[in-house]
Asker: 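Here it is: the structure, laid out below.
Everything numeric in this text was worked out from a predicted model, so none of it was measured. Chain identifiers are assigned alphabetically (A, B, ...) following the order of the sequence lines, protein sequences preceding nucleic acid strands; residue numbering begins at 1 within each chain.
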There are 2 protein chains.
Amino acid sequence: MGAGDGDDSATASGSTLGYALLSLLTRGPATGYQLSSQVKAPLGHFWTAKHSQIYPELARLAAAGWVSAVEQAGPGPRAKKTYEITPDGLAALRAWLVVPPVAQPRSEITLKAYAANSGDPAAMAALYGQLAERAERMLAEYEQDAARMREAGMDHPAHPRFGNYAVLLMGIESQRTVRSWAAWLAASLHGGERIPYGGPSGARDNGY
Amino acid sequence: MGAGDGDDSATASGSTLGYALLSLLTRGPATGYQLSSQVKAPLGHFWTAKHSQIYPELARLAAAGWVSAVEQAGPGPRAKKTYEITPDGLAALRAWLVVPPVAQPRSEITLKAYAANSGDPAAMAALYGQLAERAERMLAEYEQDAARMREAGMDHPAHPRFGNYAVLLMGIESQRTVRSWAAWLAASLHGGERIPYGGPSGARDNGY
DNA sequence: GCCCACATGTAATCAGTTACATGATTCT
DNA sequence: AGAATCATGTAACTGATTACATGTGGGC
């Protein structure tokens with residue numbers, strides 16, 4: 001089954017990666033190589049893929065008629081292909097968008113916290129201290145990106161890249177959460193005493 | 001390869017699922033069936049697995065000497081096995097705990113937000129309104145769980161189930177974030193106008 | 001000359017889900 | 001009598017990562 005067997009008008013429910021690529025292609029035509037770098041920021045904060053997964057998926061999308069490809073003689077042994085979303089692809093994307101997602105997130109840092117008191121308290125405190133610092137750095141970076149986006153008017157829902165801004169806002173909130181939660185956990189494990197969790201708001205005054 | 005080839009003292013780096021099961025077994029001995037239900041709350045908010053993945057993984061952990069099994073004649077055609085973590089297993093878990101995690105989260109709701117302005121604004125607003133409501137309900141549930149845990153003293157770092165509390169706190173913060181972000185997105189898409197994001201705390205009015 | 005960015009693919013493996021398969025005990 | 005819970009496994013498939021493979025053009 002899948003694609004390429006002559007029948008392209010079926011229900012053909014694609015993979016999540018396929019829809020992610022279609023979403024990227026609504027920003028304009030791109031090569032597989034460009035998509036694999038565009039999948040870095042801000043989309044990559046919440047969805048990533050390697051080129052080895054992207055190229056076969058683009059071939060499936062093309063076989064389903066959801067993207068069209070034009071070949072140019074590019075560098076290297078093979079032809080460079082620029083992909084564009086088709087009306088069928090856009091329709092499929094629109095149908096997928098309104099299906100409520102059910103997938104549950106997986107978080108390794110939270111999993112490690114579950115086993116926190118099996119580890120050495122000092123080492124665990126150091127680990128979560130580092131994670132809080134990393135979140136702090138990423139937060140600063142994201143805030144700058146967000147400020148640039150607001151200057152470009154991307155915080156308006158009608159802007160064609162409003163989605164970039166929405167994703168970045170989620171990234172900012174997620175990093176804020178990690179920063180305060182990891183700091184609370186580090187302090188708790190370090191002191192060995194009960195510390196009430198204050199939430200991300202208390203740490204919010206070192207703002208922008 | 002992996003386990004079962006006679007050599008059990010090697011570095012034998014396990015899978016993330018293996019460490020998740022070891023973490024659960026630090027709470028006490030359990031059968032595969034019990035583990036597959038314990039992997040629901042609170043751990044399941046951030047890590048899940050089906051029984052079809054758990055049983056083979058337990059066999060690998062046993063082959064590596066990280067867990068030991070005792071068989072009792074249980075219901076059904078096969079023997080019921082109760083697993084217990086071994087000193088080797090605990091040492092492996094401790095080593096894994098202090099390795100900084102790098103895996104990036106995948107979030108389908110954020111991915112859909114990236115393509116928000118390819119969808120019908122009213123339908124997208126309705127979707128994110130529903131997601132905000134779901135987050136609200138889960139938040140209320142988690143808050144009750146957290147209150148019960150505090151009554152049981154599980155908010156003290158020395159409590160053997162302090163990890164349960166830490167994971168639940170992260171769950172609460174995550175739901176809070178989703179609630180406010182999804183509500184902001186729904187309102188933005190519905191009104192079609194720029195709305196400053198206020199953040200998850202109601203006590204804040206300094207928009208961007 | 002060497003490294004990097006551009007550019008595309010395949011093969012092998014690992015992780016995870018869905019479906020198949022069996023059967024005892026307890027509750028309604 | 002039927003459904004739910006307890007209990008354990010395998011097979012087929014999909015999703016994702018790591019490693020293999022190739023080759024050009026530009027900057028240092």
Asker: Pull out every residue in residues 27-42 of chain A that has a heavy atom closer than 4.0 Å to any atom of DNA chain C, ordered by number, or say none.
Answerer: A:Thr31, A:Gly32, A:Tyr33
Asker: Determine yes or no for a side-chain-to-main-chain donor-acceptor pair under 3.5 angstrom, with A:Gln34 supplying the side chain and A:Thr31 the backbone.
Answerer: yes
Asker: Kindly write out the residues that satisfy ring-ring contact (aromatic ring centres under 6.0 Å, His included) with A:Phe162, not counting sequence neighbours, or none if the list is empty.
Answerer: B:Trp184
Asker: Expressed as a whole number of angstroms, how long is the span from A:His51:NE2 to D:dT18:P?
Answerer: 12 Å
Asker: Round to a whole Å and report the spacing from OH of B:Tyr83 to C1' of D:dG9.
Answerer: 10 Å
Asker: Between N or O atoms, less than 3.5 Å apart, protein on one side and nucleotides 22-24 of chain D on the other: list the pairs.
Answerer:
unit_1, atom_1, unit_2, atom_2, d
D:dT24, O4', A:Gly76, N, 3.3

Asker: Which parts of residues 89-102 of chain A get close to DNA chain C, meaning a heavy atom less than 4.0 angstrom away?
Answerer: none
Asker: Kindly state each residue pair satisfying salt bridge (Lys or Arg N to Asp or Glu O under 4.0 Å) with at least one member in residues 20-34 of chain A, sequence neighbours excluded.
Answerer: none
Asker: Can you measure B:Trp47 atom CH2 to C:dT17 atom P for me and round it to whole angstrom units?
Answerer: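 Rounded to whole Å, this separation is 10 Å.
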Asker: Would you mind telling me which of C:dG9, D:dT18, D:dA11 lies closest to the side-chain atoms of A:Tyr55?
Answerer: C:dG9
Asker: Under the rule for side-chain contact (heavy atoms from CB on, under 4.5 Å), what residues qualify as partners of A:Ser36, not counting sequence neighbours?
Answerer: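 A:Ser36 satisfies side-chain contact (heavy atoms from CB on, under 4.5 Å) with A:His51, A:Ile54 once adjacent residues are dropped.
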Asker: Does the A:Thr86 side chain pair with the main chain of A:Trp66, one donor and one acceptor, at a distance under 3.5 Å?
Answerer: yes
Asker: Rounded to the nearest Å, what distance is computed from the CD atom of residue A:Gln72 to the P atom of nucleotide D:dG25?
Answerer: 16 Å
Asker: Is there a donor-acceptor contact under 3.5 Å linking the side chains of A:Tyr197 and A:Ser180?
Answerer: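 Side-chain D/A pair, A:Tyr197 to A:Ser180: present.
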Asker: From C-beta outward on B:Gln53, which listed nucleotide comes closest to its side chain: D:dA11, C:dA15, D:dT8?
Answerer: C:dA15
Asker: NZ of B:Lys80 versus C1' of D:dG9: gap in Å, rounded?
Answerer: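 In whole Å, D:dG9 C1' lies 16 Å from B:Lys80 NZ.
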Asker: Rounding to an integer number of Å, can you tell me how far A:Ile54 CD1 sits from D:dT18 P?
Answerer: 14 Å
Asker: What contact category does A:Lys50 fall into here, base, sugar-phosphate, or nothing, at under 4.0 angstrom with non-hydrogen atoms?
Answerer: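 Here A:Lys50 touches the bases of the nucleic acid.
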Asker: Let me check something: any side-chain donor-acceptor pairs from residues 106-116 of chain B under 3.5 Å, sequence neighbours excluded? List them with distances.
Answerer:
unit_1, atom_1, unit_2, atom_2, d
B:Arg106, NH1, A:Thr48, O, 3.2
B:Arg106, NH2, A:Thr48, O, 3.1
B:Ser107, OG, B:Thr110, N, 3.3
B:Ser107, OG, B:Thr110, OG1, 2.7
B:Lys112, NZ, A:Trp96, O, 2.8
B:Lys112, NZ, A:Val99, O, 2.4

Asker: Measure from CZ on B:Arg106 to C1' on D:dA16 and round the result to the nearest Å.
Answerer: 7 Å
Asker: For residues 148-162 of chain B, which residue pairs pass the salt bridge (Lys or Arg N to Asp or Glu O under 4.0 Å) check, not counting sequence neighbours?
Answerer: A:Arg194-B:Asp155, B:Asp145-B:Arg148
Asker: Can you pull out every side chain to side chain donor-acceptor pair (under 3.5 Å) where at least one residue sits in residues 117-141 of chain B? Sequence neighbours excluded, please.
Answerer: B:Glu136-B:Arg179
Asker: With sequence neighbours excluded, what pairs up with B:Glu57 under the side-chain contact (heavy atoms from CB on, under 4.5 Å) test?
Answerer: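 B:Glu57 satisfies side-chain contact (heavy atoms from CB on, under 4.5 Å) with B:Ser15, B:Leu17, B:Leu21, B:Arg60, B:Leu61 once adjacent residues are dropped.
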Asker: side-chain contact (heavy atoms from CB on, under 4.5 Å) with A:Gln175: which residues, sequence neighbours excluded?
Answerer: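 Result, side-chain contact (heavy atoms from CB on, under 4.5 Å) vs A:Gln175: A:Ala135, A:Met138, A:Leu139, A:Tyr142.
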Asker: How close or far is atom P of D:dG9 from atom CD of B:Glu57, stated in whole angstroms?
Answerer: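 Distance check: B:Glu57 CD to D:dG9 P gives 14 Å.
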Asker: Taking atom types as they are modelled, would you say the side chain of A:Ser15 forms a donor-acceptor pair with the base of D:dT14 within the 3.5 Å cutoff?
Answerer: no
Asker: Just to verify, what does B:Ser52 make a side-chain contact (heavy atoms from CB on, under 4.5 Å) with, not counting sequence neighbours?
Answerer: B:Lys50
